[in-house]
J.: 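Handing you a structure now.
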Amino acid sequence: MTTSVKDQVVEIIAEQAVLDPRDVAMDATLEDLGIDSLGLVEAVFAIEETFDIQVPFNANDPAQSEFDITNVASMVAAVEKLVAQKAA
Amino acid sequence: MRRVVITGQGAVNALGMSADETMRAMAEGRCGIGPLEFKDVERLSINIGGQIRGYRAEDHFSRQEIVLFDKFTQLALLAAREAMEQSGLQVTDALSRQAGVVLGTAGGGLQTQDENYRSVYEDGKNRVHPFVVPRLMNNAAASHVSMAYRLQGPSYTVATACASSNHAIGQAFQMVRSGMTDVMLTGGSESMLVFGGIKAWEGLRVMSKDGCRPFSANRNGMVQGEGAAVFVLEEYEHAKARGAEILAEITGFAMTSDASDIVMPNKVGAVRAMQGALADAGLNLDEIGYINAHGTGTAANDRTECAAVREVFGDHADALRISSTKSMHGHLIGGTGAVELLACIMALRDGVIAPTINHEEADPDCDLNVVPNVAQEAAVSAVLSNAFAFGGLNAVLALQKV
């Protein structure tokens with residue numbers, strides 16, 4: 001059984017939020033999930049390690065980064081795009 | 001209370017190989033930040049820093065010394081040599097027994113660690129040089145400076161990340177002021193520009209890939225530098241009695257802890273540290289003409305620091321000048337406050353306020369006179385030097401013209 005990118009990203013985010021992945025809503029924001037700046041940096045690191053990709057993310061000003069952290073769905077979409085780019 | 005003056009200064013960093021060269025570069029608004037050069041730099045995503053160009057240990061030290069001195073120790077010794085020569089101080093037997101050296105560093109002998117980890121982990125070697133430990137220990141620089149000048153009083157190293165040097169200078173200041181000793185050497189040193197050092201910072205994702213632009217709306221992170229600065233602190237009457245040239249007087253010091261977050265700055269801690277230094281010096285708000293900012297060039301620091309300055313100074317915040325010389329020499333981490341003290345001395349002694357270079361776009365969150373791009377001339381009688389470290393440890397010094 002292969003796990004989808006979406007499931008893996010949600011799992012990483014859930015771990016930082018100390019939640020069950022099933023409780024992570026796709027429209028939830030980092031704030032909703034109680035993930036602070038350090039948690040976000042760790043999540044980005046885990047995503048990079050899991051998919052062997054480079055995430056364009058600057059903790060200095062996360063909102064200005066190319067990596068869209070609006071909510072869980074936007075992060076999943078961004079990772080899916082990066083994974084597809086890597087495969088291409 | 002005894003008065004404490006600075007009678008010697010020495011520095012080595014990306015802006016110059018002496019305190020004078022550094023001050024001249026600061027006055028000219030010269031940038032010492034450029035492409036990094038060291039082993040494996042191509043494996044880093046951060047490729048710029050305030051590296052000392054063309055530095056060769058053999059130009060300054062013997063083979064036997066180099067075997068024992070990590071680069072952070074070498075830089076501290078070069079700065080101490082200049083400071084001692086300038087002060088003209090003779091270390092008599094009596095002075096030798098009481099004078100000491102307190103230096104700041106965050107990483108200590110990181111070059112030594114990096115080389116030797118590479119040797120045992122990557123190259124698979126099972127034997128390391130016998131002096132790895134005495135080279136890499138954080139107190140190596142302070143110890144070698146004490147040996148060089150036979151300073152047998154209180155000597156140690158302070159490691160409070162980016163506030164290390166300010167904490168060190170503040171402690172040395174308090175020792176002279178309290179009467180524990182008539183003379184102390186103090187300052188700080190850092191040499192973190194190695195693969196492992198930068199790789200670690202890369203992980204935190206607060207480094208800029210293209211430049212250090214403190215207070216500028218388009219800033220995107222910090223840039224590291226390397227170097228050292230050392231000062232001779234001396235009791236005022238002691239300095240006057242021997243006709244020493246007095247560069248400036250240190251009149252106040254305060255340290256606070258945010259006790260809130262391991263990386264995010266906190267306005268309250270910064271406010272309390274600045275207020276504490278002013279109170280310790282007995283200075284009124286409107287006497288401060290210049291603040292050497294912590295000014296790292298990250299979104300969070302610069303915004304918080306400016307808000308803290310506004311809160312402390314009220315209306316006077318618009319009258320004073322505040323600049324970050326990190327824009328020129330980079331962030332020297334544990335050594336940064338020491339090199340930045342030169343900007344404070346230059347303001348007091350020469351009436352020249354070092355600029356914040358690379359200032360490209362005004363930021364409404366940093367709407368103070370940040371001395372953008374070009375130095376300003378101003379007669380200044382009192383200044384503050386801010387350092388706000390990771391871990392929420394803040395240290396602020398107050399200096400005055402003599």
J.: Relative to chain B, which segment of A/E48 carries a heavy atom at a distance below 4.5 Å: side chain, backbone, both, or neither?
T.: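 Contact with chain B: side chain only.
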
J.: Measure distances from B/M264 to the heavy atoms of chain A and classify the residue's part below 4.5 Å as side chain, backbone, both or neither.
T.: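 Interface part for B/M264: side chain.
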
J.: Within a reach of under 6.0 Å around CD of A/E11, are more than 12 heavy atoms found that belong to other residues, nucleotides or ligands?
T.: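 Open.
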
J.: Atom NZ of residue position B/K199 - does it have more than 12 heavy atoms of other residues, nucleotides or ligands inside 6.0 Å?
T.: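 Yes - once you tally the heavy atoms of other residues, nucleotides and ligands closer than 6.0 Å, there are more than 12.
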
J.: Within the distance-only criterion (no hydrogens, no angle test), does the side chain of A/N58 pair as donor or acceptor with the backbone N or O of B/N220 below 3.5 angstrom?
T.: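 Yes, A/N58 side chain to B/N220 backbone: donor-acceptor pair under 3.5 Å.
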
J.: Give a yes or no on whether A/E15 atom CD has more than 12 heavy-atom contacts from other residues, nucleotides or ligands under 6.0 Å away.
T.: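 Count not over threshold, so no.
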
J.: Please report the closest heavy-atom contact between A/V41 and B/L204, naming both atoms and the distance.
T.: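 So the two residues come closest at CG2-O, 4.1 Å.
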
J.: Return yes when atom CZ of A/F51 has more than 12 non-hydrogen atoms of other residues, nucleotides or ligands closer than 6.0 Å, and no otherwise.
T.: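 It does: A/F51 CZ has more than 12 such atoms within range.
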
J.: Check whether more than 12 heavy atoms from other residues, nucleotides or ligands sit under 6.0 Å from atom CD of A/Q54, and answer yes or no.
T.: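 Atom CD in A/Q54 is not crowded, with 12 or fewer foreign heavy atoms closer than 6.0 Å.
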
J.: Taking atom CG of A/N60 and atom CG of B/D302, what is their separation to the nearest 0.5 Å?
T.: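 Answer for the CG-CG pair, A/N60 versus B/D302, is 9.0 Å.
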
